[in-house]
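Beneath this line is the structure, given in structure tokens, with notes to follow.
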Amino acid sequence: MDPRFRPLSELPINIIGVGYLGPDGLFAQNTHAQQDMAETAFDVRPLLRDRKSFKFMAKQDQMAVYASLKAIENSGLEVSDLGDNTGLYFTVGTIPFEQKHLDLLYDKSVESGPGLNVSDKPEHTFSMQRFSTDALNSLNPLLTFKCLPNMPVFHVSYNLGITGSYYVTYPGAGQWLQTLQRALFDLANDKVEYAVVGAVADQRNPLVRHHVQRSYSASRDGLIDSACVLVLSKHRDADALAQLDQFDIDYSPQNTLCQAPDLSKEKRAFDFVAGPVDPSLWIAEHLVKSTEGRKKKPQYMQFSTLDGIRAELRLNL
Amino acid sequence: MNVKGMKYKVVITGMGAVTPIGNTVAEFSEAMFAGVSGAQALTRFAPCELSTGFAAEVKNLKDKYKDVKITYAEQAAAEAMSQAFGTELDYNPLRAQLSIGIGLELFSMPDLILSRQADFVAPSEHIDAMSFLNTPSDLCAHMLSDAYHFKVPPMVHISACAASTDAIGTAFDAIQMGRVDLVLAGGTDSMINPMGLGGFSRIGALSTRNEEPTLASRPFAQDRDGFVLGEGAGFFVLESLQHAQARGANIIAEVSGYANTLDAYSVSDPHPEGGGALRAMQAALKCAELDYKAISAVNAHGTSTEKNDPAEAKALQTLLGERVSDVPVSSTKSMIGHLISASGAVESIAVVECLRQQRLHPTLNLHEVAKDCQLNHVMQESIPFELEHMLKNSFGFGGKNACLVFSVHP
């Protein structure tokens with residue numbers, strides 16, 4: 001046996017399609033240094049297989065479906081080409097929760113009732129009695145479906161007709177690497193013919209901002225909502241956008257709540273801006289520039305994630 | 001990578017469990033074969049006006065962390081690693097990994113009230129964050145990886161009720177193909193909190209048999225009315241046969257097959273014909289190089305809900321064909337409730353205990369089988385049974401189907 005873990009020996013793998021979604025100027029120079037990008041604007045409704053399903057969709061579900069449909073379109077595949085032969089591999093960002101729902105839960109679950117000025121009433125506490133009546137009865141039951149991090153995979157599978165293998169994880173860029181690895185594994189072992197590898201993060205909301213600051217002492221500003229999906233195939237394809245021909249991973253486990261990771265010496269640190277979407281946005285950026293004729297030479301990426309995973313990846317454009 | 005395409009046999013050398021009916025594998029196994037229910041009126045918080053006021057809680061375990069699923073995971077993992085290795089962790093950390101199915105973090109309502117008053121300002125010291133809102137789910141993965149010095153990045157699965165079955169399955173794949181020597185694989189979850197119980201109540205998924213909690217979980221029964229929420233953790237130490245033999249480990253059983261599929265059908269309901277479930281079972285058997293004739297028994301997903309049980313029954317009827325009246329089926333959820341992301345792991349431990357003891361546990365509270373759930377159910381009492389290969393099903397919200405095959409080790 002090899003003396004140590006090697007994530008892959010099945011490379012190269014072809015990238016045949018890419019779809020992404022983010023704020024305007026996503027791939028502009030120094031994007032990641034910008035502090036407060038715009039909202040990500042899009043409308044997935046005209047693209048849905050069944051428009052009634054929209055009511056079940058959280059923002060991250062919508063973004064995942066939008067980017068996936070764009071990626072399949074970009075690959076030249078038809079939805080009818082997909083089914084058991086296609087696997088779905090997704091990384092989802094930290095669970096989002098909209099401000100209006102937090103407000104409602106708060107107002108209808110505090111002991112003294114709605115409309116209080118919280119700064120003047122720090123002693124107020126949670127009331128299970130009010131939560132079990134006022135709060136729950138005010139919430140749309142569909143909200144339950146919108147809180148689940150595994151739902152983007154359902155909505156993508158439903159809209160693309162994908163019924164093969166799956167892998168769904170969260171919440172950071174490190175886990176996206178595991179997602180990519182699983183997709184490559186399934187392709188190499190002929191479990192699937194095509195792998196749809198995605199990441200999605202709805203981050204411009206109070207719960208995610210809070211989580212980022214709590215875990216990493218990071219700025220709560222500058223987070224973006226984004227999604228990116230790659231379509232991979234083992235088939236030799238002259239029209240492939242690129243080949244992934246190197247992929248190595250190293251890992252030193254970290255308890256981020258007890259030790260803030262020091263990324264100051266790293267060439268590039270992910271997770272803060274686009275969460276789990278960041279590595280695939282890097283790939284998408286180079287694919288786009290390659291398509292536009294601006295970059296044709298191999299691109300090499302070396303990076304560390306906040307949870308102690310280091311990776312090296314090479315893209316042959 | 002493996003040598004010349006050879007696949008490594010995957011064996012179990014350690015197990016650990018924290019469940020509503022026992023906080024070790026031995027306790028769980030004894031209660032399971034005795035047909036004990038872990039459901040009772042809620043003790044963790046007052047349900048007030050929630051339509052469901054009971055659950056299958058873990059008992060007699062001191063919470064080390066505010067997020068109890070980390071406590072459960074630590075304890076179950078420690079038991080599994082201790083059984084496999086004793087006090088000496090005898091493996092190469094560069095070829096050892098964690099694979100975990102875990103529940104969502106969301107937030108706790110009391111913490112929301114407290115933190116909202118502070119405008120979501122995080123604690124000044126990182127360590128304080130452990131007692132704040134629920135913890136990020138991947139944190140548990142990194143804590144366990146750190147505790148056992150694993151240097152291969154963890155696989156963190158969030159495929160809902162199929163999550164820990166996927167965790168065990170992907171661990172099986174990684175060992176079988178020679179990528180790693182050892183994986184600590186399983187899952188942990190607890191949604192017994194106001195948001196968890198409230199959310200499931202709100203969509204009508206839970207049993208409301210408040211007057212008789214121990215009778216509430218009744219998979220495949222005509223009068224079932226929803227699932228009972230449970231909590232806990234289960235972990236396996238999985239190794240390649242060569243690795244286990246080289247260090248003289250005691251081999252408990254084998255994992256011999258795994259597959260997963262998507263329904264692409266409905267956000268909440270399974271495919272009514274169990275189409276995706278059937279494909280997953282067939283693919284898991286193919287992976288194990290077995291066919292339906294080799295299955296000794298089935299540990300069902302068996303939730304006790306209106307739509308899941310008939311869909312699974314339909315899929316099993318199609319899979320088993322003429323053997324449907326011969327192959328026994330039982331649901332562990334009848335005793336421990338639905339452990340959500342941890343269900344597949346704990347129920348897989350039930351399977352291995354069945355293989356080990358050549359005995360099948362009952363589906364508790366199943367007296368009158370629903371017309372559309374006709375299978376060879378093990379009802380009321382455990383039975384001795386000759387077992388060689390058992391199929392384990394787990395089906396998650398949003399049409400995720402994961403199946404494992406476990407086998408006795410000769």
Side-chain angles (χ1 to χ4, degrees), chain A residues 1 4-5 9 56 88 94-95 105-106 109-110 118 122 125-126 128-129 131-133 136 139 141 144-145 147-151 153-154 157-158 161-166 168-172 174-175 178 182 185 206-207 210-211 213-215 249 251 253-258 260 307-309, chain B residues 1 45-50 94-95 104-107 109-110 112-113 116-117 120 122-123 126-127 129-130 132 135-139 142-143 145-146 150-153 155-160 170 173 178-180 194 198-199 202-203 260-264 267-268 276 279 396-400:
Chain A
M1 284 183 218
R4 59 162 295 162
F5 171 77
S9 59
F56 291 100
L88 189 49
T94 301
I95 296 174
L105 276 173
Y106 180 87
S109 301
V110 288
V118 294
T125 56
F126 172 64
M128 187 64 202
Q129 181 65 35
F131 173 78
S132 66
T133 51
L136 281 183
L139 288 175
T144 301
F145 296 100
C147 295
L148 299 175
N150 58 322
M151 278 298 128
V153 163
F154 163 71
S157 71
Y158 180 74
I162 294 173
T163 55
S165 296
Y166 65 85
V168 52
T169 186
Y170 80 148
Q175 285 305 317
Q178 298 294 81
R182 181 67 196 183
F185 177 89
L207 198 63
H210 160 78
H211 169 80
Q213 186 184 35
R214 175 174 65 126
S215 299
I249 297 181
Y251 173 58
Q254 295 191 23
N255 178 342
T256 53
L257 290 189
C258 294
D307 47 16
I309 298 174
Chain B
M1 187 57 192
F45 61 92
C48 295
E49 307 305 320
L50 291 182
L94 294 172
R95 291 183 55 82
L104 53 85
E105 79 267 12
L106 211 53
F107 51 83
M109 280 307 301
L112 171 67
I113 301 299
R116 180 69 188 284
Q117 291 174 66
F120 283 112
H126 273 85
I127 195 71
M130 288 297 288
F132 206 49
T135 48
S137 293
D138 62 327
L139 177 70
H142 298 301
M143 289 171 71
S145 294
D146 191 30
F150 297 149
K151 293 294 186 184
V152 179
M155 293 185 279
V156 180
H157 296 266
I158 58 162
S159 41
T170 51
D173 281 342
R179 291 169 182 274
V180 291
R202 192 77 175 94
I203 59 173
N260 69 9
T261 64
L262 293 159
D263 276 358
V267 69
S268 59
R279 284 187 294 105
F397 232 36
K400 296 167 187 71

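Within every chain, numbering begins at 1; the chains are lettered A, B, ... in the order of the sequence lines, protein sequences first and strands thereafter.
- The parts of A:Tyr166 that come within reach of chain B are both its backbone and its side chain, each placing non-hydrogen atoms under 4.5 angstrom from that chain.
- Taking both residues in full, the closest heavy atoms of A:Ser157 and B:Leu262 are given as CB-CD1, 4.0 Å, listed atom of the first, atom of the second, then distance.
- Closest approach of A:Phe131 and B:Pro194 over heavy atoms only: CE2-O, 3.2 Å.
- A:Gln129 touches chain B through backbone and side chain together, each having a heavy atom under 4.5 Å away.
- The minimum heavy-atom distance between A:Leu148 and B:Phe397, with the atom names listed, is CD1-CD2, 3.4 Å.
- The contact between A:Phe56 and chain B is made entirely by side chain atoms (from C-beta outward), counting heavy-atom distances below 4.5 Å.
- Considering only heavy-atom pairs separated by less than 4.5 Å from chain A, the leading option among B:Ala160, B:Ser159, B:Pro47 is B:Ser159.
- Between the A:Gln178 side chain and the B:Val156 main chain, no donor and acceptor come within less than 3.5 Å of each other.
- Across all their heavy atoms, B:Val267 and A:Met151 have their closest contact at CG2-SD, 3.4 Å.
- Residues B:Asp138 and A:Thr169 have side chains not in contact (no heavy-atom distance under 4.5 Å, counting atoms from C-beta outward).
- In this structure, the portion of A:Thr144 lying under 4.5 Å from any heavy atom of chain B is its side chain and not its backbone.
- Evaluation of the ring-ring contact (aromatic ring centres under 6.0 Å, His included) rule for A:Phe154 yields A:Tyr158 as partners, not counting sequence neighbours.
- Interface remark: of the candidates B:His157, B:Lys400, B:Met155, B:Lys400 forms the most heavy-atom pairs closer than 4.5 Å to chain A.
- For A:Leu105, the parts lying under 4.5 angstrom from a heavy atom of chain B are both the backbone and the side chain.
- Note: A:Tyr251 and B:Phe150 fail the aromatic proximity criterion, with ring centroids not under 6.0 Å apart.
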Given the rule in the side-chain contact (heavy atoms from CB on, under 4.5 Å) test, do A:Leu136 and B:Glu49 qualify, once you have shown the distances and angles that lead to the verdict? CA-CA 10 Å; A:Leu136 281 183; B:Glu49 307 305 320; over 6 Å; no
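- Atom CG of B:Leu50 is separated from atom OG1 of A:Thr133 by 9.5 Å, given to the nearest 0.5 angstrom.
- Contact of B:Ala46 with chain A is made through the backbone alone, with heavy-atom distances under 4.5 Å.
- Minimum interatomic distance between B:Ile203 and A:Pro141 (heavy atoms only, all atoms of both residues): CG2-O, 3.6 Å.
- Heavy-atom distances place the backbone of B:Asp263, and not its side chain, under 4.5 Å from chain A.
- To the nearest 0.5 Å, atoms OG (A:Ser165) and CZ (B:Arg279) are separated by 9.5 Å.
- Every side chain to side chain donor-acceptor pair (under 3.5 Å) that A:Arg182 has, sequence neighbours left out, goes to A:Asp186, B:Asp173.
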